[in-house]
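I have placed the structure first, in the form of structure tokens, so that the comments after it can refer back to it.
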Amino acid sequence: MIHSKSLEPDPKIQAAKERIDAWSQSRHVTPAHLEFARHAAFPLALTPDLLYRLRDYLITELKLQVPWVAVTDLLLSGFCYEVGQELYEIDITVRQVLLSNLDPERLKQLSKFLLNYIELQINYADNNLIQAQKWTALSYVEPTQTAKQITEKLAKMLQQRHQDDWSQIAFLVETLEKPLENAGFEPLLTLAQSMGKSARGDYSGAKAKLNELRHELGNSPTIAEVTFSFVPAQTFTFEVVTVNRRGKIIKRETKRAKHFTENLGNNITLEMVAIPGGTFMMGSPSTEAERYDDKSPQHEVTVPPLFMGKYPVTQAQWRSVAALEQINRELDPDPSHFKGDNLPVEQISWYEAVEFCDRLLEYTGKHYRLPSEAEWEYACRAGTTTPFHFGETITSDLANYNAEKTYGDSSKGKSRNQTTSVGSFKVANAFGLFDMHGNVWEWCADHWHGSYEGAPIDGSALMNNIILVIMIIGCCAVVPGLTIRGIAVLRIVITSSIRTTSTTPSGFGLYFPPRGHNSLHFCPLDLYAFYFYPYPRRRRSIIFLIFCTTINSI
């Protein structure tokens, strides 16, 4: 059995019983009060209107004598807490104890009452609350149908980024534990518990729960006629190096990570690396050389587990996806200036990057998208705090950039004047990601902001209502305005969208300005169109994540 109960008394249950006993012994509380509280524990959420209608139902249909003051006394009992305007919930453990005193026949009667009440409120109440109340009622009379609806909802939510919703539905499923468990849907409880733990940042707990589910039902478990597919992640090894301020390698390590391979057809694959969740300091300290002021203030961000592309998207991968059915716009199958199947794709717009993600989603059923800036920086740093994940500086033996310019105490190196094949430097960061520095700029999710003031701390993207997409080619001039480097969710509603492009005879590169360039500005380095910045942690051209498998990945 996936879900098992301990033989030891539950201290929470015992405490709830003591609270109920203490209340029932109050001078103004009668046995009718207690009986009313047991019935009032059935709905997931309570309003005064619902409670008074329940009292009328108990009097007229079930012939129970309930004083009108029982409604007020229950709301003031300490069992209920307010969750909205005139909206209350009973403490979940107290609720379980109260409901345990009702027999199955009475629960079915309450289910019918609640469903009838919901029909009367359908045009006035919150849709999410109505759905939750319906599931509460149906779980006792039609548990199989309820389990299927909830499982389908969980499947959709696993495709989404908003883990706040995961907490809410995990709480809902917890309140329905008894009827679902009695109907044999322990795996649904386990899945919901895993999602709840992930939403609260307990990734090891989420992993443990999923391992229970996988051990019991395999990699393609079916719950209430809904089949989930776990990603069959495999382990790979890679080399990580650390350099000193002069660029000399002072440490070599062999590390392991998990990844899976997405088949794009025609022997073209896309490798996705499992990135563990964690917390890091986003931004750079004021003492870091050549930093931008907009990388302040540094702030702590917690990033959930995710998958990220092992390499920048290649031209071969782009062509494969460009051949898939169009979602919103056409894709040029061969947009790049420098040609080569294993070279990174370049000269693509944000809109085209989003279309690429949309087509992948449609083709695979997995939630591919662009990363938020926080996700990108977290993945790039891979636990380091230095300007580069390599260490204090960078060299042309480790990355492709304009090595005529130096950072820190490093020496000049080789400038290749074109893009290089992905992974060609044979070194990764500690998470197993390659080419995180140099080669091409990469689209991220966030809109331009002048600082990190008010930035999310959960790894999500910082978004504006007005968007200006700027493509910078050649001289690297930055046009005043707002800049977007991608999109964190699919098909976002954009209040105002302006797109500008710039071209040069060389035709190379799709660039976007670094964060913080909010006035006309020329890059401090004398770069040509095919040169690359040696600056730390530059955002990338396209990199993709899957969130439908976030908690299934590790």
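Residue numbers count from 1 along this sequence. No hydrogens, no waters, no symmetry mates; every other heavy atom, side chains included, goes into these values.
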Heavy-atom closest contact ([X] atom, [Y] atom, distance):
X	Y	value
A199	S167	CB-OG, 3.1 Å
V226	A155	CG1-CB, 4.5 Å
L188	V173	O-CG1, 4.4 Å
V345	P335	CG2-CG, 3.8 Å
F238	A430	CZ-O, 3.6 Å
C380	N429	O-ND2, 3.1 Å

Distance in Å, [X] [atom1] paired with [Y] [atom2], rounded so as to fall on 0.5 Å steps:
X	Y	atom1	atom2	answer
E262	Q317	CD	CD	11.0 Å
E375	L370	CD	CG	10.0 Å
M281	T385	CE	OG1	11.0 Å
Q298	S286	CD	OG	8.0 Å
L210	L191	CG	CG	7.0 Å
R245	T386	CZ	OG1	11.5 Å

Do any N or O atoms from the side chain of [X] and from the backbone of [Y] form a donor-acceptor pair under 3.5 angstrom?
X	Y	answer
E377	G283	yes
S349	E352	yes
S320	A316	yes
R359	A322	yes
S336	E346	yes
T190	L213	no
N439	T420	yes
N263	G265	yes
T393	Y407	yes
W318	V313	no

Using the six-membered ring wherever Trp is involved, compare the ring planes of Y378 and F280 and label them parallel, tilted or perpendicular (cut-offs 30° and 60°). tilted

What residues, two or more places apart in sequence or in another chain, satisfy salt bridge (charged side-chain N to carboxylate O under 4.0 Å, His left out) together with R256? none

Looking at the rings of [X] and [Y], which for Trp means the six-membered one, are their centres under 6.0 Å apart?
X	Y	value
H437	Y401	no
F425	F434	no
Y368	F356	no

In plain terms, say whether [X] and [Y] are close enough for a salt bridge, that is, a side-chain N and a carboxylate O under 4.0 Å apart.
X	Y	answer
E212	K209	yes
R252	E239	yes
D334	K339	yes
E404	K414	no

Ring of F307, cation from K258 - is the NZ or CZ under 6.0 Å from the centre and inside 45° of the axis? no

Would you please test L398 and V427 for side chain to side chain contact (heavy atoms under 4.5 Å, CB included) and show each step? CA-CA 7 Å; L398 301 175; V427 289; 4.1 Å; yes

For S415 and N417: C-alpha separation, side-chain torsions, deciding distance, then whether side chain to side chain donor-acceptor pair (under 3.5 Å) applies. CA-CA 6 Å; S415 293; N417 300 340; 5.0 Å; no

Do [X] and [Y] touch side chain to side chain, with heavy atoms closer than 4.5 Å?
X	Y	value
E355	Q326	yes
L361	I327	no
E174	I92	yes

So M272 and K310, side chain to side chain contact (heavy atoms under 4.5 Å, CB included) or not? Walk me through it. CA-CA 6 Å; M272 304 299 296; K310 183 186 288 189; over 6 Å; no

Sequence neighbours excluded, the answer for ring pair (Phe, Tyr, Trp, His ring centres under 6.0 Å) partners of Y363 is none

N342 and V422: side chain to side chain contact (heavy atoms under 4.5 Å, CB included), yes or no, with the steps? CA-CA 6 Å; N342 211 37; V422 300; 3.7 Å; yes

